[in-house]
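For reference, the structure is listed below as structure tokens.
Convention: sequence-line order gives letters A, B, ...; per-chain numbering from 1. Bear in mind that the values here come from a model prediction, so they are computed numbers and not experimental data.
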Amino acid sequence: MFVPPGEDLVNQWESEQARLRLQVMEEDTEDWQRSPDFSGLERVGGVDLSFIKGDDVNACAQLVVLSYPDMEVLYEDSQMVTLTAPYIAGFLAFRETPFLLEALQRLERNQPKLLPQVVFVDGNGLFHYREFGLACHLGVLSGMPCVGVAKNLLQVQGVNKSEEHQLQISALQKGGDSFPLTAASGKVLGKALRSSDKSSKPVYVSVGHKISVDTAVRLTHSCCHYRVPEPIRQADYRSREYLRIHFPGADT
DNA sequence: GCGACAG
DNA sequence: ATCTTGTCGC
């Protein structure tokens with residue numbers, strides 16, 4: 001039962017994205033980002049939302065903070081939340097950002113010393129229809145460096161799953177190899193990254209806030225034990241675990 | 001009508 | 001997002 005959001009609301013959302021887009025910082029702003037081995041970086045965060053199968057309103061919002069470079073879990077927060085906005089491609093942030101932001105604020109209030117220095121977000125940053133995906137939205141509203149990592153390609157601004165794209169993917173030889181996702185305008189919106197030697201399917205990395213594309217790609221690769229960077233993988237795993245324990249056999 | 005559609 | 005066991009390969 002989909003109730004199409006009024007086009008007036010979508011228009012309002014579009015103008016809000018346009019307004020916040022101006023605040024995105026696409027350059028490295030932190031000292032550790034300039035270091036070849038990221039010395040000075042001690043904590044990386046990951047956020048995600050998980051749902052119970054027959055329910056797209058109640059979800060578990062998750063924030064994890066891992067040590068760098070060891071990837072040991074230093075902090076974990078699981079919180080059941082009630083979503084109000086529907087999922088519409090291009091407007092994912094209006095559905096998820098409020099709860100991810102709340103999780104970051106809880107951490108800042110309770111254990112500020114554990115705040116991460118960068119947050120990995122499950123979704124796109126600048127690689128977006130209007131160059132303002134979830135990672136940018138969370139980055140601007142929180143003021144924290146953010147990196148967007150999507151598991152699937154969003155066909156936008158001329159970037160598509162063409163034969164050429166498939167060829168570029170097959171040309172990625174080893175973990176760390178990447179190729180740019182270039183918009184029709186010529187701007188590099190993000191990069192397809194082979195995150196580990198084993199995974200042939202790339203992840204799509206883009207700038208969220210306060211970090212450059214190349215640094216975002218290099219950092220993402222350095223946080224990958226498997227295809228999905230560890231902070232996001234842990235957030236995903238732990239939020240699902242929370243639902244499994246607190247809502248056993250929900251649905252059927 | 002057909003294809004696209006981050007999570 | 002979620003639906004889901006086994007299976008092929010190293």
Hey, what are the protein-to-nucleotides 1-6 of chain B N/O distances that come in under 3.5 Å?
residue, atom, partner, partner atom, Å
B:dA4, O3', A:Gln155, NE2, 3.3
B:dC5, OP1, A:Gln155, N, 2.8
B:dA6, OP2, A:Tyr87, OH, 2.6
B:dA6, O4', A:Asn124, ND2, 3.3
B:dA6, N7, A:Gly90, N, 3.1
B:dA6, N6, A:Gly90, O, 3.3
B:dA6, N6, A:Phe91, N, 3.3
B:dA6, N6, A:Leu92, N, 3.2
B:dA6, N6, A:His128, NE2, 3.4
B:dA6, N1, A:Leu134, N, 3.1
B:dA6, N3, A:Asn124, N, 3.0

query: Pairs counted as Watson-Crick or G-U wobble with both distances under 3.5 Å: what dot-bracket string results for DNA chain C, using | for bases tied to another strand?
result: ..........
Write out a two-atom table: protein N or O, nucleotide N or O from nucleotides 7-9 of chain C, distance below 3.5 Å.
none

Aromatic plane relationship, A:Trp13 with A:Phe94 - under 30° parallel, 30 to 60° tilted, over 60° perpendicular: parallel
statement: Applying salt bridge (Lys or Arg N to Asp or Glu O under 4.0 Å) to A:Arg238 and not counting sequence neighbours gives A:Glu76
- request: Using heavy atoms and a sub-4.0 Å distance, could you list which residues of residues 164-173 of chain A are near DNA chain B? By number, please.
  value: none
task: Write out all pairs satisfying salt bridge (Lys or Arg N to Asp or Glu O under 4.0 Å) with one or both partners inside residues 137-148 of chain A, taking only residues at least two apart or from two chains.
output: none
- request: Sequence neighbours left out, what passes side chain to side chain donor-acceptor pair (under 3.5 Å) with A:Ser142? Give chain and number order.
  value: none
- line: Applying salt bridge (Lys or Arg N to Asp or Glu O under 4.0 Å) to A:Arg95 and not counting sequence neighbours gives none
task: Applying side chain to side chain donor-acceptor pair (under 3.5 Å), name anything that partners A:Ser196, two or more places apart in sequence or on another chain.
output: A:Ser199
message: Heavy atoms within less than 4.0 Å of DNA chain B: which residues of residues 187-207 of chain A have one? Give them sorted by number.
response: none
message: Applying side-chain hydrogen bond (donor to acceptor under 3.5 Å, both in side chains) as the test, list every pair that has at least one member in residues 103-118 of chain A; sequence neighbours left out.
response: A:Asp77-A:Arg106
Nucleotide pairing, DNA chain B (Watson-Crick or G-U, distances under 3.5 Å), in dot-bracket with [ ] and |: .......
